Novice: 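Pasting a structure here, questions to come.
Computed from a predicted model, the values in this text were never measured in an experiment. Values reported hereafter were calculated over all heavy atoms of this structure, with side chains retained and with hydrogens, waters and symmetry mates removed.
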Amino acid sequence: MNVLKIEIPGVIQPQERPRFSRRGKNVVTHDAPKSKDFKDFVKLVAWQNKPSELITGPIKLQADIYIMPPKKYHTGPKRALIASGELRPTTKPDADNLIKGIKDGMSKIIWHDDAQIVEMNVRKFYSERPRAEVTIEWSESKW
């Protein structure tokens, strides 16, 4: 079993709805600017951490996403609950929108295609240091 751990520092940008434009009679879709910028940043981090060869086998993906707590949680008992991991984000952005930009940014750099992900676990936590901690496990043989 191979394991690769990557930390993506900073605020994790949720995937926004695609934008549409017309080019003659054709309708073209493209990423919203914030989503595109975030994916480009993830690609940079992925290049700095990429394995010697593109992963081609099945992948287990674990992502712990740390979000800044709301200002109302910066005092007293809420702070202790955050530190212990008992108080977790239950508001937007959704976990699936947070992981989309990470997956898209790592595709073709860490692994060949998102379809290789056979198991995925995404968890949201509060932290004063926003980031994503991504663990990728793979085997060249089929599980």
Novice: Please find the pair of heavy atoms, one from G105 and one from A46, that lie closest to each other, and give the distance.
Specialist: O-CB, 4.3 Å

Novice: What is the minimum heavy-atom distance between Q116 and T56, and which atoms define it?
Specialist: NE2-C, 3.1 Å

Novice: What about Y73 and I67, same hydrophobic cluster or not, with Ile/Leu/Val/Met/Phe/Trp/Tyr joined at side-chain heavy-atom distances under 4.5 Å?
Specialist: no

Novice: Return the CZ to CD1 distance between R131 and I65, rounded to the nearest 0.5 Å.
Specialist: 11.5 Å

Novice: Only one of K5, R123, E119 forms a side-chain contact (heavy atoms from CB on, under 4.5 Å) with Q62, so which one is it?
Specialist: R123

Novice: Measuring from I136:CD1 to I6:CD1, what's the distance to the nearest 0.5 Å?
Specialist: 4.0 Å

Novice: Got a sec, which residues hit side-chain contact (heavy atoms from CB on, under 4.5 Å) with S107, two or more places apart in sequence or on another chain?
Specialist: W111, D114

Novice: For the residue pair K50 and I109, what are the closest heavy atoms and their distance?
Specialist: CB-O, 3.8 Å

Novice: How far apart are the closest heavy atoms of M68 and E128, and which atoms are they?
Specialist: SD-O, 3.3 Å

Novice: Are K39 and Q15 close enough that some pair of their side-chain heavy atoms sits under 4.5 Å apart?
Specialist: yes

Novice: Tell me, do D37 and Q13 make a side-chain contact under 4.5 Å, heavy atoms counted?
Specialist: no

Novice: Which heavy-atom pair separates S139 from P58 by the least distance, and what is that distance?
Specialist: O-CD, 3.6 Å

Novice: About how many Å separate CD of E137 and CG of N2, when rounded to the nearest 0.5 Å?
Specialist: 9.5 Å

Novice: Does atom CD of Q48 have more than 12 heavy-atom neighbours from other groups under 6.0 Å away?
Specialist: yes

Novice: Group every Ile, Leu, Val, Met, Phe, Trp and Tyr by side-chain heavy-atom contacts under 4.5 Å, then state whether Y126 and L98 land in the same group.
Specialist: no

Novice: Work out which heavy atom in I102 is nearest to a heavy atom in V42; give both atom names and the distance.
Specialist: O-CG1, 3.7 Å

Novice: Kindly confirm or rule out a cation-pi arrangement of R88 over F125, judged by NZ or CZ under 6.0 Å from the six-membered ring centre and within 45° of its axis?
Specialist: yes

Novice: At what distance, to the nearest 0.5 angstrom, does OG1 of T135 lie from CD of E7?
Specialist: 11.0 Å

Novice: Tell me whether I12 shares a hydrophobic cluster with I82, the cluster being built from Ile, Leu, Val, Met, Phe, Trp, Tyr side chains joined at under 4.5 Å.
Specialist: no

Novice: Under the side chain to side chain contact (heavy atoms under 4.5 Å, CB included) criterion, do L61 and M106 qualify, and how do the steps go?
Specialist: CA-CA 12 Å; L61 183 67; M106 291 186 175; 5.5 Å; no

Novice: Just by distance, do the side chain of D113 and the backbone of A115 share a donor-acceptor pair under 3.5 Å?
Specialist: yes

Novice: Nearest 0.5 Å please: distance from the CD1 atom of I110 over to the CH2 atom of W138.
Specialist: 8.0 Å

Novice: Can you measure from NZ (K108) to CG (L54) and round to the nearest 0.5 angstrom?
Specialist: 8.0 Å

Novice: Is there a donor-acceptor pair under 3.5 Å between the side chain of K124 and the backbone N or O of P93?
Specialist: yes

Novice: Consider only side-chain heavy atoms of I, L, V, M, F, W and Y, link residues closer than 4.5 Å, and tell whether Y66 and V122 are in one cluster.
Specialist: no

